[in-house]
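Any value given below was found using the heavy atoms of this structure, including those in side chains, with hydrogens, waters and symmetry copies removed. In what follows, every chain begins at residue 1, and chains take the letters A, B, ... in the order their sequences are listed.
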There are 2 protein chains.
Amino acid sequence: MVICDGMGDRPSPEFGNKTPLSYAKKPNLDALANLGAMGLMDPIAPGICPGSDVATLALLGYDPRVYYTGRGALEALGAGVDLNEDDVAFRCNFATIDDSYRVIDRRAGRISEGVSELAESLNKIRLRKVRGLNFRFIPTIQHRGVLIFRGEDLSARVTDIDPHKNGMRVLKSIPLSRSPGARRVATAVNEFVESSIRVLSGHPVNVKRHQRGLPIANIVLPRGAGKLPKLESLEIIGLKGVCVAAVALVRGVSKASGLRLLDVPGATGGPDTNFKAKMKAAIEALHEDNFVLLHFKATDVLGHDRDFLGKVEAIQKIDESMGLVRDMVDAERTLIVVTADHCTPISIGDHSGDPAPLLIHGCGVDPSGAPSFDERNAARGDIGRIRSLDLMPMILDLLGKGRKFESQGYLKNCRGSTM
Amino acid sequence: MVICDGMGDRPSPEFGNKTPLSYAKKPNLDALANLGAMGLMDPIAPGICPGSDVATLALLGYDPRVYYTGRGALEALGAGVDLNEDDVAFRCNFATIDDSYRVIDRRAGRISEGVSELAESLNKIRLRKVRGLNFRFIPTIQHRGVLIFRGEDLSARVTDIDPHKNGMRVLKSIPLSRSPGARRVATAVNEFVESSIRVLSGHPVNVKRHQRGLPIANIVLPRGAGKLPKLESLEIIGLKGVCVAAVALVRGVSKASGLRLLDVPGATGGPDTNFKAKMKAAIEALHEDNFVLLHFKATDVLGHDRDFLGKVEAIQKIDESMGLVRDMVDAERTLIVVTADHCTPISIGDHSGDPAPLLIHGCGVDPSGAPSFDERNAARGDIGRIRSLDLMPMILDLLGKGRKFESQGYLKNCRGSTM
């Protein structure tokens with residue numbers, strides 16, 4: 001299953017009303033589309049714009065309305081943190097604020113140097129307002145990190161500190177439920193953030209940044225509190241395999257669903273990733289396992305950046321790497337799924353509620369005869385319009401691993417949008 | 001959003017298997033279809049035949065399974081009545097019955113002259129069986145009216161008096177729940193109907209009708225008991241605007257959803273309406289507001305009448321009025337949606353469970369290149385097959401007013417068929 005994050009798009013008038021996907025030269029994807037079937041897939045439902053977290057859950061067959069427990073925990077899992085059931089995790093950014101607590105740069109100039117030193121100092125903070133609660137701050141990529149609170153009966157039902165926009169004031173976390181667990185987490189995260197300002201402001205790393213004219217990382221902004229989601233393993237439905245992804249969130253969801261995480265040298269989670277190395281690792285994993293989730297982030301990043309030609313190039317690199325699939329994979333015995341978790345249109349610069357193009361090749365799928373893989377051909381494809389939550393049951397069915405929907409034969413592990 | 005009530009249809013063998021929509025000459029709608037996208041839209045779900053009340057709620061993004069509280073209250077709202085939370089409202093017809101309480105004409109010859117005199121007399125009735133309860137009868141259009149009961153803790157869970165068919169006996173209203181409020185309303189409406197026979201039978205208006213050989217209006221037949229629905233205003237999702245409609249029900253739903261009601265001279269709610277005047281008023285409203293619901297009833301009326309060529313003519317008049325849109329609306333900045341709340345096929349003479357054709361034009365929608373707007377081209381359109389409840393999220397998404405489906409960002413006001 002190849003997930004090209006945010007790949008779907010809308011027509012760009014500047015490029016003859018083409019989308020990056022219809023503009024790109026991609027002989028391998030087009031050949032797969034010609035011999036496979038296409039359709040449109042709503043991440044959640046028509047018009048609903050998803051975050052990557054709920055979109056990825058749905059792609060793996062987990063209904064986000066049931067299984068979503070906040071993004072923080074998924075990021076933490078993906079960053080390699082082992083979470084307990086009671087832990088509450090936040091996603092965090094190092095950020096720059098002014099004296100009146102207004103956010104100047106939510107990413108502190110995309111700081112990457114010195115973050116481990118900053119983290120070390122943060123982990124020395126002692127929280128005094130709440131008893132029986134520990135915390136740990138772990139930097140992940142660039143300005144990003146996760147903050148984990150450990151204690152008994154904690155609740156993630158608290159609001160964000162991060163105001164999500166430059167120019168806005170830093171917020172206070174507020175409990176969203178009356179449970180003591182929510183109140184304790186809100187108090188603790190507020191105290192942590194206040195302390196982070198004290199610890200970071202005069203920190204040697206920031207002194208150096210200031211001298212070099214770079215934005216200083218003088219606060220940590222937590223958001224997206226979450227707890228460990230309880231996902232039944234994909235092994236229950238007969239899928240055993242690996243995840244090839246650099247992005248913490250996708251790694252987190254994959255880990256929670258029972259996939260092993262593969263580390264591929266050169267995988268960066270950006271447009272500079274080694275597409276072929278990731279693809280090769282994914283294909284090789286199929287010698288031992290029967291399922292691979294391969295995730296490319298570049299298409300989403302360039303959609304956010306509104307970089308049409310950059311997105312085209314990323315798609316072309318994905319296509320090149322797909323050449324390896326045609327060489328190395330036994331098409332008779334392999335189901336190849338290429339899709340996006342959602343669309344990130346160039347014209348929007350953010351996720352949209354458009355349906356994502358879907359391509360399924362192999363295992364008896366009727367060849368479309370269509371000339372290429374793009375949004376329009378997908379809209380006119382034989383699969384029609386489905387939802388992400390429908391994909392996993394379709395995959396299982398094509399692989400001969402489905403279960404009949406009948407009284408006791410249909411268990412909760414046979415998921416889909418009926419549920 | 002242009003709603004052509006009941007516009008969708010099935011092929012008519014007498015007209016070369018065309019539908020009124022495919023038979024009509026409609027250059028403006030065809031041009032919009034060519035430059036826009038099409039699809040099919042199930043009012044509720046495939047094969048489910050909706051009333052106009054639930055269909056209109058769904059089009060505005062309110063799940064009827066959650067928000068529907070009976071048609072009577074929506075009609076009353078649309079007739080300009082201010083309802084309290086506890087009020088129970090019925091839709092009513094003036095009707096003709098014989099001595100054995102059998103309905104001879106459910107519409108009393110579509111009586112319109114003299115209804116205000118009849119209403120005046122009805123409002124003098126004193127109900128004696130139930131204490132602490134007042135009523136008001138308000139005539140609306142032709143033989144139609146609304147009956148409102150006001151009192152504490154009233155319930156609308158009561159059955160209809162109206163047997164819904166000529167030749168049947170008038171029914172007694174029965175409470176459908178054990179609550180005292182339902183029992184009181186059932187008792188009161190039964191007493192009102194008995195009294196209406198006494199008051200109307202010898203009424204001067206009816207004496208005159210009898211002399212002229214017209215059916216007399218000797219009973220009021222209430223049906224569709226309902227309470228005020230609690231709809232969150234459309235302003236919460238960023239839509240502020242007006243409703244241009246003559247039909248009380250559509251006006252009622254619109255008012256309940258926070259739209260202002262615009263009165264357009266010449267708007268009749270029938271085939272003789274001033275299509276262009278309504279369209280012009282709708283377009284002008286866009287100077288101040290960002291959303292207009294424009295509703296044409298004619299297509300539905302002529303579907304009920306099984307009048308193929310009449311329906312064709314109504315569609316052609318709608319098309320003519322759409323010419324104003326092409327002249328007066330900035331297509332770059334405006335999303336144009338044309339659809340039906342449901343189908344009213346000529347061959348049926350009533351609503352059906354067929355999907356309605358849908359056309360969306362503007363705001364980055366990929367041009368279909370299709371030759372015309374009709375059921376077949378819609379079925380093959382790039383939007384595929386959605387549900388009415390999906391339309392509002394799609395509109396918000398195309399307008400850049402959507403919200404991401406994720407932890408705290410996703411509130412209940414971000415509706416759609418996901419819920």
Side-chain angles (χ1 to χ4, degrees), chain A residues 9-13 17-19 22 39-40 42-55 58 63-65 68-72 156-160 164 176 223-226 342-343 345 347-348 350-355 375-381 383-387 389 417, chain B residues 35-42 45-46 61 63 237 331-332 335 337 355 358 360 362-370 377 379-412 414-419:
Chain A
D9 215 300
R10 296 180 184 174
S12 282
N17 270 328
K18 296 214 164 201
T19 64
S22 61
L40 290 181
D42 290 296
I44 305 296
I48 305 293
C49 173
S52 283
D53 38 15
V54 294
D63 188 338
R65 291 164 297 187
Y68 186 60
T69 52
R71 180 153 173 169
R157 302 261 303 129
V158 302
T159 62
D160 292 352
H164 290 258
L176 286 169
R223 69 185 192 276
H342 56 76
C343 296
S347 55
I348 311 280
D350 205 342
H351 303 187
S352 75
D354 299 301
E375 292 81 356
R376 173 164 294 181
N377 280 296
R380 295 169 186 188
I383 296 174
R385 187 163 183 163
I386 63 165
R387 300 186 180 196
L389 211 48
S417 67
Chain B
L35 295 170
M38 283 182 284
L40 290 181
M41 190 166 70
D42 290 296
D63 188 338
I237 53 173
E332 290 289 307
L335 190 71
V337 177
L358 167 67
I360 301 182
C363 294
V365 167
D366 197 16
S368 71
N377 280 295
R380 295 169 184 185
D382 291 347
I383 296 172
R385 187 162 181 162
I386 62 164
R387 300 184 181 198
S388 292
L389 211 47
D390 297 319
L391 181 60
M392 193 50 84
M394 287 173 69
I395 288 174
L396 294 176
D397 185 59
L398 288 166
L399 292 175
K401 290 178 182 290
R403 276 172 189 250
K404 248 184 213 170
F405 184 107
E406 59 184 0
S407 56
Q408 292 148 28
Y410 195 78
L411 304 171
K412 66 173 178 178
C414 187
R415 292 181 293 260
S417 66
T418 58
M419 308 303 281

Would you mind checking which part of [X] comes under 4.5 Å of any heavy atom in chain B, side chain (CB onward), backbone (N, CA, C, O), both or neither?
X	value
A/Pro64	side chain
A/Ser347	neither
A/Leu40	side chain

Q | Largest heavy-atom contact set with chain A, pairs under 4.5 Å, which of B/Gly400, B/Gly381, B/Pro367 | A |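 Most heavy-atom pairs within the cutoff with chain A belong to B/Pro367.
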How long is the straight-line distance from [atom2] of [Y] back to [atom1] of [X], given to the nearest 0.5 Å?
X	Y	atom1	atom2	result
A/Asp42	B/Ile386	CG	CD1	9.0 Å
A/Ser352	B/Met394	OG	CE	10.5 Å
A/Ile48	B/Arg403	CD1	CZ	12.0 Å

Q) When only pairs under 4.5 Å are counted, which of A/Gly353, A/Pro13, A/Ala378 shares the most heavy-atom pairs with chain B? A)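 Of the options given, most contacts go to A/Gly353.
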Q) In terms of heavy-atom pairs under 4.5 Å with chain B, which of A/Gly384, A/Gly226, A/Pro11 leads? A)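 If we count pairs closer than 4.5 Å to chain B, A/Pro11 comes out on top.
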Q | Contact class of B/Ile383 relative to chain A, heavy atoms under 4.5 angstrom | A |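 For B/Ile383, backbone and side chain are both near chain A.
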Q | Contacting moiety of B/Leu398, where chain A heavy atoms sit under 4.5 Å | A |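 For B/Leu398, heavy atoms of backbone and side chain both lie under 4.5 Å from chain A.
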(Q) Could you report the tightest heavy-atom contact between A/Pro46 and B/Pro393, atom names first, then the distance? (A)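 It is O-CB, 3.7 Å.
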**Q.** Pair B/Asp397 + A/Arg10, salt bridge at N-O below 4.0 Å
**A.**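 Salt bridge between B/Asp397 and A/Arg10, a charged N being under 4.0 Å from a carboxylate O: yes.
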Q: With side chain to side chain contact (heavy atoms under 4.5 Å, CB included) as the test, would you mind laying out the steps for B/Lys404 and A/Asp350 before giving the verdict?
A: CA-CA 10 Å; B/Lys404 248 184 213 170; A/Asp350 205 342; 3.3 Å; yes
**Q.** Stepwise side chain to side chain contact (heavy atoms under 4.5 Å, CB included) check, A/Glu375 with B/Asp366
**A.** CA-CA 9 Å; A/Glu375 292 81 356; B/Asp366 197 16; 5.9 Å; no
